[in-house]
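The model shown is predicted, which means the values in this text are computed figures rather than measured ones.
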Amino acid sequence: KSQYQHKSMSSSRFALFLLFAVVLVLLAATPGETTRSSTAHVRRHFVRGERASPDHPVQLVVALRQRNLAQLERELYAVSDPWSPRYGQHLTHEQVAALVAPPTAVVEQVVRYFRSMDPDRAHVEVVRTRDMVGVQLPASSLEKALGVQLYEYRHRWSNRMVVRTEQAWALPTDIAEHVELLTGLSELVVYPSEHRLRRRQLHNAALLHAKATSNDNSPVISAVMGDSAHVSPVLALFCADGTPMSALSGEGACEVYGVRLQVDQGLNALTKKQLSLDQLQCSVSANSHQVECTTQLPVMPWQRCNISAQTLYTDGQTSAVYYYPVLYAPTTFSVPQTLSTRYNIPQNLRGSSVRNSQSVASFEDQFFSHDDLYRSFDAFGLPRQTPIVHGENVNAVPGGEAQLDITYIQGVGKGVPSIFWSVSGPGPAKPPGGGAYILTWAYEVLNATDPPLVTSISYGDTEAGFRAAFGDDSYIHRFEAEVIKMGTLGLTVASGSGDAGASNVGEAGNDISNTDPTCDLVGRAFYPSCSAHVTGVSSTFLSHSAYPVCGQQLGGEPIQCDQVGEVPVGLSQGTPWTTGGSFSGILSRASYQNEAVENYLKIAADSLPPPSQFNSSNQAYADVSTIGYNLLMSLNKEFIPIGGTSSSGPIFAGMVSLLNDARLREGRSPLGFLNPLLYRMAKERPQAFNDVTVGTNKDGDLEAPGSPYPSFCPHGFAARPGYDPATGLGTPNFGEFLDYVMSLP
């Protein structure tokens, strides 16, 4: 998910791979089985209200049992492996349907059943691959047919309303035997924005409690911004008695004179500043209702630094000193042109094929602003591009996730027809409060006449999170079948690897589950990034510590390197969040990965987590990486630094779109499912990747003082030569990518 660089640590994320909420659920699947309700920890977030209005539209997605899935996967690799004689000969929707769809009589039987619930008002649609059925019915019709009562459930903190039932229900046996999943009737899932709202309340309370019980009145550095030669700490101020400073004047202002800041970079590079409130930029935070101040300080370019602060009071007293817990790493800002330079993309390269297309998937009422999009492109010096909107978009309420995704897929994949694929909010297929998630997105894409060739998904959750929300792993396994179908059709899916390290600890942006509270790796693989049939994308940033010698001690001081390279985003490397990457707990390793992963397990043996923490025989992720930290864009008419693996996903997807464009202009096929090609290319042409060899993803999110979640963790995966879960195969050299893919049939 995406992250503001300028953010309170107590509200760390948009959860923009942000990622945000889901209102789908696993329900009855096998004959005679009734629904499984949401788990108790989810139910307690909601208050049941009045009975649903009889006319309230309820949307269901009915996933039918598929056939020949093993053969479908063989077809996928036959058209996706560069060494296959059938490479690039993708299937049609009709060919996929002939493989996987149940018999026509079964599909018609299921359709008749749901239409019979309300012949005049039922809307029933069969997806083009004929293995999923979309149903929309009035609440009263569902109640009568299933013998349940539907109620309004309102979230305790956000007041969001959904219509659901907690009663047991069952489909008729002759229908249930053909249904694998049914979503949209019983689930109660908390949105990431709601997790963040509650977590902010808990963190603020914990911080105040910590201050009160320890007599600590030190300021808190809630964020650090800046470029490679400047730092701008954001300070939350406290009065002398430890209570928050809540106003700049009048009641709540207290007797604060200013602050003393210190930035220590070693090698006699020490910056000290004593500044009054008038010399700082101060305001009352809308989130914490506390005074926050900032200023810009010069530093030695690129060199990591210790930052500390204390408050000065008008009576001459000073607060305790606060030490920022991360050895901060100054780094440059990035925009599309600097990414193009870094990854060897010609600055004037633009897509021109009318057959080409790219998209970002958006959920949970995340929208983008055309004005902000144009403002970013104008500032970047790029021609304005207007994406097609599929579904709903409310221009007046842009979200950071959606804005980031569409800005950077278009900023890198310049000129390629782009689609903002929104499966959020109300509409004929999306009732108010009904919500949608990745299986609904798959339903829509597979039903499209001209689906986008490349899609970036910046949403996700842990495998354990899916299991907690849906009762077992069936939702994951069904989505696996859907992305396999997409690959056989020639479609590419990329997904961010998560923003809280290998353990996902402290991630406030989980789409469907509570924040993970510990450093345990078990069950924490981030899905769908950890899918063998999705390209998982991790995040790096530019650093002077990208080589093993950098940072080693010489004469009691760290060796300072002067060459810029890439390292994984992570607390241990000097950033406030950590890129994801690990091993799936349930999905077997694909053969295309075997050699690369086995090599990693051998050369990184001294740094691996304990065997009880991960299954080394399962699928490893991420597959590739790009810069994903300190990117600039406009949001709500203000330029902000932002990041997350949800920026790396669109950046990589935009590159793939440019590769597709070159092939399509010569009458060749799109690349489709990428992973076999990527691992083959890494072996045959290693110069196609910029190898990342220093750093680790063992830590999580940087938490506020008093937080119940740890920031630093003992176990993760270190970057090593060749493949590693922290950065995949490395970052792309586009010129080498282009030469390689143009050599294929």
Side-chain angles (χ1 to χ4, degrees), residues 21-63 113-114 117-118 122 134-173 175-176 179-195 197-198 364 426 430-437 439-440 461 464-475 478 510-514:
V22 22
V23 191
L24 294 177
V25 72
L26 168 63
L27 300 180
T30 56
E33 185 179 356
T34 56
T35 179
R36 293 185 291 274
S37 299
S38 300
T39 52
H41 80 268
V42 176
R43 171 65 178 86
R44 65 185 171 83
H45 295 299
F46 290 84
V47 177
R48 193 177 82 173
E50 299 178 352
R51 284 282 296 275
S53 166
D55 294 327
H56 182 91
V58 179
Q59 183 196 18
L60 309 176
V61 173
V62 184
Y113 168 71
F114 284 102
M117 291 183 177
D118 192 331
V135 179
Q136 184 173 293
L137 283 160
S140 58
S141 302
L142 273 174
E143 289 183 328
K144 181 179 179 180
L146 297 178
V148 298
Q149 293 180 338
L150 293 167
Y151 284 85
E152 295 180 350
Y153 289 82
R154 292 195 178 273
H155 192 273
R156 291 179 182 274
W157 306 304
S158 70
N159 207 37
R160 173 175 59 91
M161 188 273 286
V162 295
V163 168
R164 295 292 185 265
T165 183
E166 292 186 80
Q167 293 175 276
W169 57 270
L171 298 173
T173 301
I175 299 297
V179 175
E180 181 179 5
L181 294 174
L182 189 154
T183 72
L185 191 59
S186 298
E187 70 277 14
L188 290 168
V189 182
V190 183
Y191 278 13
S193 57
E194 293 160 343
H195 281 304
L197 175 63
R198 180 58 174 162
E364 304 148 15
K430 291 171 282 294
Y437 199 45
L439 194 59
T440 302
D461 208 308
F466 276 90
R467 190 176 302 118
F470 302 129
D472 59 21
D473 299 323
S474 298
Y475 192 99
R478 180 60 191 229
N510 286 354
D511 282 349
I512 58 177
S513 68
N514 288 345

Answer whether the closest heavy-atom distance between the side chains of E180 and R478 falls below 4.5 Å.
yes

How about L181 and S474: do any of their side-chain heavy atoms sit closer than 4.5 Å?
yes

Begin from the C-alpha positions of R48 and R164 and carry the test side-chain contact (heavy atoms from CB on, under 4.5 Å) through to its verdict.
CA-CA 9 Å; R48 193 177 82 173; R164 295 292 185 265; over 6 Å; no

Atom pair [atom1] ([X]) and [atom2] ([Y]), whose distance is rounded to the nearest 0.5 Å:
| X | Y | atom1 | atom2 | value |
| --- | --- | --- | --- | --- |
| Q149 | E143 | CD | CD | 6.5 Å |
| W169 | L142 | CH2 | CG | 9.5 Å |
| L182 | L146 | CG | CG | 8.5 Å |
| L60 | F114 | CG | CZ | 6.5 Å |

List in chain and number order the residues that pass side chain to side chain contact (heavy atoms under 4.5 Å, CB included) with [X], two or more places apart in sequence or in another chain; answer none if no residue qualifies.
| X | answer |
| --- | --- |
| R154 | E152, N159, M161 |
| P54 | S140 |
| A139 | A52, H56, V58, L150 |

Kindly give the heavy-atom pair with the smallest separation between V148 and A168, and that separation in Å.
CG1-O, 3.9 Å

Over all atoms of both residues, closest heavy-atom pair of G147 and Q167:
O-NE2, 4.5 Å

Between [X] and [Y], is there a donor-acceptor pair closer than 3.5 Å when you use the side chain of the first and the backbone of the second?
| X | Y | answer |
| --- | --- | --- |
| Y475 | L439 | yes |
| S141 | D118 | no |
| Q59 | G184 | no |

For side-chain contact (heavy atoms from CB on, under 4.5 Å), just list the numbers for Y153 and V47, CA-CA rounded to whole Å, side-chain angles, deciding distance to a tenth of an Å, and then say yes or no.
CA-CA 5 Å; Y153 289 82; V47 177; over 6 Å; no

Could you walk me through whether D472 and R467 satisfy the salt bridge (Lys or Arg N to Asp or Glu O under 4.0 Å) test, starting with their C-alpha distance in whole Å, then the side-chain angles of each, then the deciding distance to 0.1 Å, before giving a yes or no?
CA-CA 5 Å; D472 59 21; R467 190 176 302 118; over 6 Å; no

Is there a side-chain contact (heavy atoms from CB on, under 4.5 Å) between T183 and Y437 once you walk through the steps?
CA-CA 10 Å; T183 72; Y437 199 45; over 6 Å; no

